[in-house]
Structures are given as structure tokens and as C-alpha cells.
Visitor: 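The following block contains the structure, expressed as C-alpha cells.
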Amino acid sequence: MTDGTKTPDKFTIINELARRRGFFWQSYEIYGGVSGFVTYGFLGAKLKQKIESKLRELFVSKLGILEIESPVISPSKVFEASGHVDHFKEPMVECQKCKKRFRADHLLREFAKISEAEAEKLSLKELKETMEKNEIRCPECSGTFGEPKYFLTMFKTTIGPYSEAVGYGRPEAAQGIFVEFRRLCEMAREKLPFGVIQIGHALRNEISPRQGLIRLREFTIIDLEFFFDPEESDCFLLKNVEGETLRLFLAENKLRGSEEIVEITVKEALEKGYIKAEWQAVFMALAKKLLADLGVPPEKQRFIEKLPWERAHYALQSFDQEVYVERWGWVEVSGHAYRTDYDLKRHMKFSGVDMRVFKEYEKPLEREQAFIKPLMAKLGPIFKTEAAEVAEMISGVDPCEVASSIKKDGYYMLGECKILPEHVEITRRKVKEQGKRFFPHVVEPSFGSDRLVYVALEYAYRIKDDRAILSFPRDIAPMQVGVYPLVSKDGLPEKALQVYRMLLNEGFIVEYDEAGSIGRRYARADEIGIPLGITVDYETLKDNTVTIRDRDSWKQVRTRVIDLPELLHKYFRWKANFEDLGKPFEG
RNA sequence: GCGGCCGUCGUCUAGUCUGGUUUAGGACACAGGCCUUCCAAGCCUGUGAUCCCGGGUUCAAAUCCCGGCGGCCGCACCA
């Protein structure tokens, strides 16, 4: 890329291939295209579905996690409560001389020594005043700044055509889970821990998205919210993954300016306190496995810990899982945030609905408690019409306080009213407490589905003998089998079509191709990553055997047509290797 | 959003500087046919571009000018 010979990088190649073969392309092309929006074609949609079902296999089935689907549009309250309305906007200022834009709060932090927390609280007007007071000029050209303005990166709309009710397109699917927490918890039989996952579209009105599938304005997010009791935060799955190694890029190293990667086991990471929650460590290990299963080797993955000011407003600790891609280096594919009880607390505060979970004690707590009962027969004649009000006030005060006051002074002053011993009855009783209410904590792994698709493509891409091959792991390949006649005459196409239809009926994703020569058809199939090619030749007409060709090694085996369904099912479930599919065959 | 470079069939590109010689040419890909007994062979035929969109200058615009959209790189942004 340095000299005149510009070799296109993998990103360019993948995007070109994706467009040409129908994996995905920029949407609205006929109107010039709009950046940040993408349309998946047949192959891309299938690939994405398969990646998502792989994730389900790993996270959903094995952990008994519940999947839900909630709306994309939500009333403004939801994102006010979640803190997004406050945090999703950034105050920006523009230099009037060189037109460069800066975050106003960042400038204040850097040049006026104002803390992050303070800077965040300032209104636009206050930002302007503080900037003027500190005489902050453009760091580039020392020009003066214009008025600070907010960029809101959520999509805003109104709900109902005539309504003033503001709605937002969700920037994450997590809130769809939190707002339904009470019902979801009930469906989980009120037993912690439990997890809820949602796979769906999210909207972020990015300022300038131009990295293909990596940054979209509308994209598919996979949010998994895992709720657990902070007093019983042990993870029952830890045993399964504690020996797994993680590559961590810790915040403390980042602060020192070091690029050091700490490579340690899940167990050690927890012991040393690098990862605060067991469940989070376990999900990180699972995420690493997922990416490995998608074809990304462990050394091309890492988890980078976010610095306090880089973290989302809701997170106590968070790691980004990053994958190395050729064009941009390390790119985030998933985020692992320890959201604690932030979201549930906020929704309880804003909605007034109790979001806590009831926990029964092993043994009910017994303790003595004092009760106070206003005696209306006495209060009535004295306070007349105000009696009811006084009685209510009496019920609201601490019985012990009343008792001790009466014991000391012979009366208790309740505002203006003098309460005498005969006005109330104070009793002490033993009460049993069966349990308590508390907020569960949440650990959240969150994946960008589209980014998974991209990295799967980039890591599948390779060149063999000048040909492009997408070496997808067999279980995510969007097309599983190709069926071809060796030549398109002498009844071979008819026979091949029979095999093709049989495999379709068996539930495989199959294509039939008789155009061009057999070599050309293999090449076309390799380019879209079809793992197996079945060729019908003259032998087939005699003994009903076909050859099966491996996409990656180009080796072939010969096997009976009648055995194909069983063999292929085994192969795609990783229960058989290519060599097990038949006898070696030389073409 | 800013600055630089750029935008011609699905892809790569010729033509743009110097407006007319172009029904915008080629290659690859794609489709049909012939051929073809295992890795993009060959031959024939065909589909396919109002030259990103809109406006302007001109007798005449792919070509010059303005605006928009889109792309790449850098800055900023990415909770």
C-alpha cells in the first residue's frame, strides 16, 4: 500500500466478494446508498443465522437461558431511566477558525483540570461559561470556539402520528429485558441465577459510520443479561472452564502505557481479582470459545479492560473482547460488562415498581417488635374531627420512641398533640421474617452479530492456487453441499438432479450447478465456502456411487448415494471426518 | 462533521487534463449454445453503463462549474 502497487486489503476483498456473491451489500444502492445500513443476501442471511444459532447453542441451551423478543421503539422514559438520554449525547464545540470539533468536556478535563464527574454535570450554558472563564482555545490552531452543542446518537421519533410522546429507537436490547424483569423473573420461577437473551436490531445514529459491517446505524445486537444473587455469586459452571486461558489487556497496564497481555487461566484471573465476577469470567471464556469456533484462533483474540472513563455509565467493570482484523487492528466483537444492580434500581426509581427479588432465609429470623395501636374510643372525644388524622400519625411513629417518652415524661408530643398513655396501646410481639428483598446483580455479555459475520468471513478467507476460498467451519457454512454432474450430457444432469432433490428432502442446504466445466463449478463453490461437493459421473450410472470433494484439501472420496444422508448428517455435526465419508478416490 | 483524494456495465478499467471523432471501447464475471470423463481450458451468441444524483455553462457535457449523496485516508466520534 506504500508504493504505487496498491494491493487491496482483506476488508476490500471481503466486501467485494460479499457484494458479488450476495452475502451483503450497502442498502438503498439505487438511491445512491446510505452509509451505516446493510442488506444481507441469501448467503449472508444464512451465515448470520448460523452464527447466531451457534451462539445459542453455546449460551442458551447449555445454561438454560431464556430468549425473548421485545420492541425496537420504546417510550422516552425507558432510556431516561437507563441513563442513556443523559449519556448518549456528547457536548461538542467547533473551532471557528479551523472547523475542527472537540468534546467540550474533554477539553475542560485536559486544560482546565476539571474532573470527569464535574465536567459531565455541566449544562451547555455552564460548559460555555467554564470554557470562557478558563480561556480555552482550539488546541490545533488556538482559534476560538463557537457555542457548545449536543450530538444525540439515539434515533428519536414520536409515538403515534399526532402525539408529542417521544420515542427512541433502542441503542441496546438490554433495556427490553430489564423493563420486563418482574415477569421474566416470575417465569424463571423466581429462582436465581437465571439469564435472558435477546437477539434483535438496535439503532445508533452514528456520526460517520464507514467501516462496513463493523459500524452500522442499524445492526443486530445480542444482549444476554444474567441475573444472580450478589451474596451467592458462585458460578456452577466455573469448574468446566476454569482451566481455559484468557488473554487479558488490563487497565492497570494500559494506564502505564504498556501493551502487555496477561495470559492466565480463568481461575487465576479470578483469584488475582483481575475479573470481579465469576459469572463474567465464565462468559468471557465462553465468548472466547465461540470466536474460536467461528474460526478465529486464540492468539488473534484478547480481552481489553476498559478504563473508568471509557466504561459505559452502568458498568462497574467491563472488558471488550477484541479480534484482530487486517484493516483496523483490534476490533471489538463483544463487551462483557458487570452492570451490578444499576439498571433494576434505576427502573424501580423511575417507575415506582418494586424490581427486587424475594429471598427466603434458610431459617426464618425471629425478633421482637413493638407495635402501637391508637385507641379510638379515647382519641375520638378529645380530638373530634381530627381524630382520624391523629390516629394515622400515631401509627407512623416509632413505638419504642413513644414508649420511652411516656415512661420518662408521662406523655409524648406528636406535633401539637399531647399523647397520654391511655390514648394508645403499646405491645411487644415476636415476629418471624421469612426472607428479604434485594436487587440481583447483572453480568452482561453483549455481541455485535454483524461483526461476528465479518470476522468469520475474514478468517475464513484464504487463497489456494490463486483461487479465493472461504474456509468456513462446516457448521456455519451458509451452503452445505453442491451437487454437480461431471459433464452436462449423457444423463448425468438428470441423475445429479435426483441426488440434489434427495439431499434437499433430507434437510440439507444444497445447490445444483451444471454450468461451465467441473473445475469452474468447484471454484465457484469454494468462493462461497461450500464444504462438500458431490459429483455424479459415469460410474454413478453403473453402481450408484458418487464422489465427495473436500473444499479445503480438494481431496475426494467415493461413496454410495444411499449412504449420503447419514454420512452427511454425521459430518455436519462433527461426528465424522471427511476421510470417514468414503473410500479415497483419484479423479 | 471537517480536510485531502475519488465516483464510467456485476468487477477491473479506456476515455476526462485539451467538450464534438463513442450507438461510451475492452477484459473478467454472468446467461444460452457447442465442446468437455475431476479443479476458473476453448469457440459462438447474448445480457449488461441515460458515465453516482440534481442543477448550471454551452450549439454540444462522462468530460467544465456548483450543490447533494456515496467511497477511501487522516482528524473527531464510537456510551
Side-chain angles (χ1 to χ4, degrees), chain A residues 1 6 8-9 11-13 15-17 19-22 25-37 79 82-90 92-95 97-103 106 120 139-140 149 151-154 171-172 174 204-212 214-217 306 309-315 318 320 327-328 331-332 335 337 446 448 464-469 484-490 492 514-527 533 535-541 546-551 554-556 558 585-587:
Chain A
M1 292 270 277
K6 46 168 191 192
D9 65 2
F11 177 79
T12 309
I13 293 169
N15 278 291
E16 190 275 317
L17 171 62
R19 205 175 334 128
R20 191 160 42 79
R21 298 307 304 270
W25 55 86
Q26 189 183 35
S27 303
Y28 312 116
E29 270 177 338
I30 63 163
Y31 293 108
V34 182
S35 62
F37 296 93
F79 288 105
S82 72
H84 285 81
V85 172
D86 287 334
H87 291 88
F88 238 79
K89 61 184 180 196
E90 312 293 356
M92 305 287 291
V93 283
E94 189 181 272
C95 171
K97 197 165 142 200
C98 71
K99 301 284 178 203
K100 286 219 158 67
R101 279 160 193 275
F102 299 88
R103 287 269 298 267
H106 286 187
E120 263 194 9
E140 292 286 319
K149 276 180 194 157
F151 271 104
L152 180 72
T153 42
M154 278 196 290
E172 59 166 27
R204 295 182 187 182
N205 209 351
E206 302 280 358
I207 297 168
S208 171
R210 17 171 215 200
Q211 295 164 2
I214 304 293
R215 272 183 79 208
L216 295 168
R217 290 191 167 116
K306 304 302 260 184
W309 55 86
E310 292 173 334
R311 285 201 297 261
H313 56 278
Y314 47 69
S318 67
D320 279 356
R327 161 103 43 120
W328 292 290
V331 161
E332 178 191 351
S446 170
K464 177 169 171 152
D465 295 358
D466 280 336
R467 280 196 202 166
I469 302 183
Y484 321 106
L486 184 61
V487 292
S488 42
K489 62 175 186 184
D490 300 332
L492 294 185
E514 61 162 272
S517 66
I518 187 70
R520 178 179 296 244
R521 303 197 283 257
Y522 288 152
R524 268 198 296 255
D526 288 345
E527 200 184 33
T535 302
V536 166
D537 57 17
Y538 287 94
E539 292 296 306
T540 314
L541 300 179
V546 290
T547 66
I548 307 179
R549 170 188 178 271
D550 177 47
R551 173 196 64 201
W554 297 2
K555 283 186 185 143
Q556 284 178 289
R558 182 168 276 278
F585 171 79
E586 295 292 327

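Quick caveat, the model's predicted, so the values are computed rather than measured. Each chain gets a letter, A, B and so on, in the order its sequence line appears, and its residues count up from 1.
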Visitor: Write down the distance separating the C1' atoms in B:G48 and B:U11, rounded off to the nearest Å.
Guide: 12 Å
Visitor: In chain order, what residues pass the side chain to side chain donor-acceptor pair (under 3.5 Å) check against A:D320, with sequence neighbours excluded?
Guide: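 With neighbours one apart ignored, the set is A:K306.
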Visitor: Quick one: what's the B/S/- string for nucleotides 44-49 of chain B, heavy-atom cutoff under 4.0 Å, read 5' to 3'?
Guide: ------
Visitor: Between the protein and nucleotides 30-37 of chain B, which nitrogen or oxygen pairs are less than 3.5 angstrom apart?
Guide:
residue, atom, partner, partner atom, Å
B:C30, OP1, A:R524, NH1, 2.8
B:C30, OP2, A:R520, NH1, 2.8
B:U36, OP2, A:K489, NZ, 3.0
B:U36, O4, A:S488, N, 3.1
B:U36, O4, A:S488, OG, 2.9

Visitor: Could you check whether atom CZ of A:F37 has more than 12 heavy atoms from other residues, nucleotides or ligands sitting under 6.0 Å from it?
Guide: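 Yes, the 6.0 Å shell around CZ holds more than 12 heavy atoms from other groups.
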Visitor: If the threshold is 4.0 Å, N to carboxylate O, is there a salt bridge linking A:R558 and A:E539?
Guide: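 Salt bridge: no.
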Visitor: Does the protein touch nucleotides 4-10 of chain B at the base, only the backbone, or not at all? Give it as B, S and - per nucleotide, heavy atoms under 4.0 Å.
Guide: -------
Visitor: Looking at B:C38, B:G70, B:C78, which one has an atom nearest to any side-chain atom of A:F585?
Guide: B:C38
Visitor: Quick one: closest heavy-atom pair of A:T535 and A:Y522, and the distance?
Guide: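 The pair with the smallest heavy-atom distance is OG1-OH, 2.6 Å.
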Visitor: Without decimals, in angstroms, what is the distance between A:R549 CZ and B:C38 C1'?
Guide: 9 Å
Visitor: What's the gap between B:G54 and B:C12 when it is taken at their P atoms, as a whole Å value?
Guide: 23 Å
Visitor: For A:P171 and A:H84, which heavy atoms make the closest approach, and how far apart are they?
Guide: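 Closest approach of A:P171 to A:H84, heavy atoms only: CG-CD2, 3.9 Å.
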Visitor: Can you name the ring-ring contact (aromatic ring centres under 6.0 Å, His included) partners of A:Y314, sequence neighbours left out?
Guide: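 In terms of ring-ring contact (aromatic ring centres under 6.0 Å, His included), with neighbours along the sequence ignored, A:Y314 is linked to no residue.
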Visitor: Please say whether more than 12 non-hydrogen atoms of neighbouring residues, nucleotides or ligands are located less than 6.0 Å from NZ in A:K464.
Guide: yes
Visitor: Where each pair must be Watson-Crick or G-U wobble with both distances under 3.5 Å, what dot-bracket representation of RNA chain B is obtained, with crossing pairs in [ ] and other-strand partners as |?
Guide: (((((((..((((......[....)))).(((((.......))))).....(((((..]....))))))))))))....
Visitor: Distance check needed: B:C77 C1' versus A:Q211 CD, whole Å only.
Guide: 11 Å
Visitor: Just the rounded figure in Å: distance from C1' of B:U11 to CD of A:E29.
Guide: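 It is 13 Å, rounded to the nearest whole Å.
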Visitor: Which residues pass the side chain to side chain contact (heavy atoms under 4.5 Å, CB included) test with A:E29, sequence neighbours left out?
Guide: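 Residues passing side chain to side chain contact (heavy atoms under 4.5 Å, CB included) with A:E29: A:R19, A:W25.
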Visitor: What is the separation between atom CZ on A:F37 and atom P on B:G70, rounded to the nearest whole Å?
Guide: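 The answer, rounded to whole Å, is 10 Å.
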Visitor: Over all heavy atoms of both residues, which pair between A:E206 and A:L216 is shortest? Give the atoms and the distance, please.
Guide: CG-O, 4.1 Å
Visitor: When the C1' atoms of B:C59 and B:A76 are considered, how many whole Å apart are they?
Guide: 49 Å
Visitor: Ignoring hydrogens and angles, are the base of B:C38 and the side chain of A:Y484 linked by a donor-acceptor pair under 3.5 Å?
Guide: no
Visitor: Identify which nucleotide among B:C39, B:C72, B:G70 has an atom closest to any side-chain atom of A:F11, counting heavy atoms from C-beta outward.
Guide: B:C72
Visitor: Quiz question: going by heavy-atom distance under 3.5 Å, is there a donor-acceptor pair between the base of B:C38 and the side chain of A:T547?
Guide: yes
Visitor: Once side chain to side chain contact (heavy atoms under 4.5 Å, CB included) is applied, do any residues pair with A:A315, and if so which ones, sequence neighbours excluded?
Guide: A:R311, A:S318, A:A337
Visitor: Kindly give the heavy-atom pair with the smallest separation between A:A515 and A:R521, and that separation in Å.
Guide: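 Of all heavy-atom pairs spanning A:A515 and A:R521, the closest is O-CG, 3.1 Å.
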Visitor: For atom C1', what is the distance between B:C39 and B:G33, given to the nearest Å?
Guide: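 Looking at atom C1' only, B:C39 and B:G33 are 23 Å apart.
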Visitor: Between B:A76, B:C39, B:G70, which nucleotide has the shortest distance from any of its atoms to the side chain of A:S208?
Guide: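 My answer, after comparing the listed nucleotides, is B:A76.
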Visitor: Applying a 4.0 Å non-hydrogen cut-off, can you work out what A:E586 is touching in the nucleic acid: base, sugar-phosphate, or nothing?
Guide: nothing
Visitor: Listed by chain and number, what are the side chain to side chain donor-acceptor pair (under 3.5 Å) partners of A:S208, not counting sequence neighbours?
Guide: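 Side chain to side chain donor-acceptor pair (under 3.5 Å) list for A:S208, sorted by chain: empty.
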Visitor: Classify A:A523 by what it touches in the nucleic acid, base, sugar-phosphate, or nothing, heavy-atom distance under 4.0 Å.
Guide: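 Base, at least one base heavy atom under 4.0 Å.
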Visitor: Can you name the residues that form a side chain to side chain contact (heavy atoms under 4.5 Å, CB included) with A:D490, not counting sequence neighbours?
Guide: A:Y538
Visitor: Please name the pair of heavy atoms, one in A:E514 and one in A:P485, separated by the smallest distance, quoted to 0.1 Å.
Guide: CB-CG, 3.7 Å
Visitor: Could you tell me how far B:G32 sits from B:G15 if I compare only their C1' atoms? Round to whole Å.
Guide: 32 Å
Visitor: According to side chain to side chain donor-acceptor pair (under 3.5 Å), who are the partners of A:E172, at least two apart in sequence or on a separate chain?
Guide: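 A:E172 satisfies side chain to side chain donor-acceptor pair (under 3.5 Å) with A:Q175, A:R339 only.
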Visitor: Rounded to whole angstrom, note down the C1' distance from B:C66 over to B:G74.
Guide: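 The same atom, C1', in both gives a distance of 26 Å.
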Visitor: If the cut-off is 4.0 Å, is A:R467 near the phosphate of B:A40, judged by side-chain N/O to OP1 or OP2?
Guide: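 Yes.
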Visitor: Pick the closest RNA chain B nucleotide for A:N205 and for A:D550 by heavy atoms, then say which residue is nearer the 5' end.
Guide: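 So the residue in question is A:D550.
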Visitor: Starting at CD1 of A:I13 and ending at P of B:U11, how long is that distance when rounded to a whole Å?
Guide: 16 Å
Visitor: Give the rounded distance in Å between these two atoms: NE2 of A:H87 and C1' of B:C78.
Guide: 16 Å
Visitor: Sequence neighbours left out, what passes side chain to side chain contact (heavy atoms under 4.5 Å, CB included) with A:R520? Give chain and number order.
Guide: A:S517, A:R524
Visitor: Please measure how far the C1' atom in B:U23 lies from the corresponding atom in B:C2, and state the result in whole Å.
Guide: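 These two C1' atoms come out 44 Å apart once rounded.
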Visitor: Starting at CZ of A:R217 and ending at C1' of B:C77, how long is that distance when rounded to a whole Å?
Guide: 12 Å
Visitor: Can you find a donor-acceptor N/O pair under 3.5 angstrom joining the side chain of A:E206 to the base of B:C78?
Guide: no
Visitor: Could you give the distance separating B:C64 and B:A40 at their C1' atoms, to the nearest angstrom?
Guide: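 That atom pair is separated by 44 Å.
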